[in-house]
Every structure is written in C-alpha cells, then in structure tokens.
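Quick note: residue numbers are just sequence positions, from 1. What you are looking at is a predicted structure, and each value in this text was computed from that prediction instead of being measured.
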Amino acid sequence: MEFDRNGLEVLDRTECLRLIAASTLGRLALSSGALPIILPVNFLLDGDRILIRTSPGSKLDAAAVNSVVAFEVDDIDSLSHSGWSVSVTGLAREVTDLDELERIHALPLAHWSHADGHVIEISTDLVSGRRLTADHERRWA
C-alpha cells in the first residue's frame with residue numbers, strides 16, 4: 001500500500017475506476033467564457049469513459065465539447081474522518097454516433113432535467129485518487 005507525503009493512501013487506476021463506477025454524482029470542472037466553473041453532474045462510467053447527459057444550449061453543452069476538463073468524485077464521512085476522492089482529467093466530446101447513442105440511452109444514465117439532450121463523454125486519460133482512513137491520525141501521529 002502506497003501513501004503520499006500527507007499520509008493518505010494513494011489509489012491505483014483500477015481502484016479509482018471501481019470507486020467511480022459505484023457513484024452517480026460528481027463534479028465537472030471546465031472553462032466557460034474564459035472563466036472556471038464547477039458543475040454537479042449525474043454520470044455513468046461506461047468502460048474507460050465517463051458519460052454525462054446534458055440539455056442542448058446549457059453551459060455544459062457549450063463548454064465541454066472538445067475541451068480538456070477535470071472531473072471529481074468523492075465520498076466523505078465527516079463523523080469518522082474517512083473517505084476517498086478520485087480526480088480525472090480528460091478530453092470531453094459529444095457522442096454523435098446514432099448506434100452508440102441508442103446504446104447509451106438504454107443505460108441507467110440519470111439527467112438533471114427530463115429533456116432529451118446531448119451525451120458528453122470524458123476520457124479517463126489521467127486518473128488519481130486518495131483515501132483517508134479513520135486510523136490516519138493514529139498512524140501518522
């Protein structure tokens with residue numbers, strides 16, 4: 001098991017993707033109008049890519065296409081001071097292949113609104129994660 005200089009467990013790519021796959025709500029960081037913005041999004045991990053459904057004309061729709069974005073998922077228990085965080089950096093692009101869209105629409109990919117929209121995929125080029133366990137303070141005291 002590897003630990004970083006702060007005593008947090010360093011998660012490998014496989015564990016990071018497993019944690020992402022078990023989650024449905026994350027945060028997408030991108031640039032909109034030359035300013036950074038972080039948006040909460042429902043998502044689904046499909047293989048090595050993150051899928052997000054978005055409404056036409058939204059900030060996400062406009063800003064995330066063919067852009068390098070950051071994506072973050074975490075689960076923190078404030079009572080036990082434990083949890084994990086996974087960050088992804090990758091290229092976002094709109095899925096346009098009709099057969100692929102038909103397959104994606106059959107997946108349990110939630111959406112903030114009920115309108116049909118675009119599907120954005122994010123590659124998982126760079127993945128990193130850390131875990132804080134309840135015994136962190138005792139181990140590093």
Let me check something: do Ile20 and Val119 share a hydrophobic cluster, defined by ILVMFWY side-chain heavy atoms less than 4.5 Å apart, either directly or through other members? no
Please tell me if the side chains of Leu19 and Arg131 come closer than 4.5 Å, counting only heavy atoms from C-beta onward. yes
Checking Asp4 side chain against Leu8 main chain: does a donor-acceptor pair fall under 3.5 Å? yes
Hey, does Ser87 have a side-chain heavy atom less than 4.5 Å from the side chain of Ser128? yes
Check the hydrophobic clustering (I, L, V, M, F, W, Y; side-chain heavy atoms under 4.5 Å; chains of links allowed) and say if Phe43 and Leu17 are grouped together. yes
When you look at CD1 of Ile38, are more than 12 heavy atoms from neighbouring residues, nucleotides or ligands closer to it than 6.0 Å? no
Heavy-atom side-chain proximity of Glu15 to Arg18 below 4.5 angstrom: yes
Determine the minimum heavy-atom distance between Gly26 and Val73, stating which atoms define it. CA-CG2, 4.2 Å
Can you find a heavy atom in the side chain of Leu25 that is under 4.5 Å from one in the side chain of Asn42? yes
Side chain Thr124, main chain Arg49, donor-acceptor under 3.5 Å: no
Any side-chain heavy atom of Asp46 sitting closer than 4.5 Å to one from Leu107? yes
Kindly indicate, with the supporting measurements, whether the criterion side-chain contact (heavy atoms from CB on, under 4.5 Å) is fulfilled by Asp74 and Arg27. CA-CA 9 Å; Asp74 59 35; Arg27 286 172 288 285; 2.6 Å; yes
May I ask whether Val95 and Leu44 are part of the same hydrophobic cluster, defined by side-chain heavy atoms of I, L, V, M, F, W, Y residues being less than 4.5 angstrom apart, directly or through others? yes
Shortest non-hydrogen contact from Cys16 toward Val127: CB-CG1, 3.4 Å
Do Arg53 and His118 have side chains that get closer than 4.5 Å, going by heavy atoms? no
Do Val86 and Phe71 have side chains that approach each other closer than 4.5 Å (heavy atoms only, starting at C-beta)? no
hydrophobic_cluster_shared for Ile37 and Ile122, side chain cutoff 4.5 Å: yes
Single hit among Ile50, Leu51, Ile104 for side chain to side chain contact (heavy atoms under 4.5 Å, CB included) with Glu121: Leu51
At what distance, to the nearest 0.5 angstrom, does CG of Leu91 lie from CG of Asn66? 6.0 Å
Which atom of Val88 lies closest to which atom of Ser123, heavy atoms considered: CG1-O, 3.7 Å
Shortest non-hydrogen contact between Ala70 and Leu28, atoms and distance: O-CD1, 3.3 Å
Which atom of Ala21 lies closest to which atom of Leu45, heavy atoms considered: CB-CD2, 3.8 Å
Going from CD on Glu94 to OG1 on Thr54, what distance comes out if it is rounded to the nearest 0.5 angstrom? 9.5 Å
Can you find a side-chain donor-acceptor pair between Asp12 and Thr14 that sits under 3.5 Å? no
Please assess Glu9 against Met1 for the test side-chain contact (heavy atoms from CB on, under 4.5 Å), listing each intermediate value before the final yes or no. CA-CA 7 Å; Glu9 179 186 351; Met1 198 176 300; 3.6 Å; yes
Beyond-backbone contact of Arg130 with Ser85, side-chain heavy atoms, under 4.5 angstrom: no
Glu100 and Arg103: CA distance, side-chain angles, deciding distance, side-chain contact (heavy atoms from CB on, under 4.5 Å) verdict: CA-CA 5 Å; Glu100 183 64 7; Arg103 188 187 74 77; 3.1 Å; yes
d(Ser67 OG, Leu30 CG) to nearest 0.5 Å is 7.5 Å
Are Leu101 and Leu109 co-members of a hydrophobic cluster defined by side-chain heavy atoms under 4.5 Å apart? yes
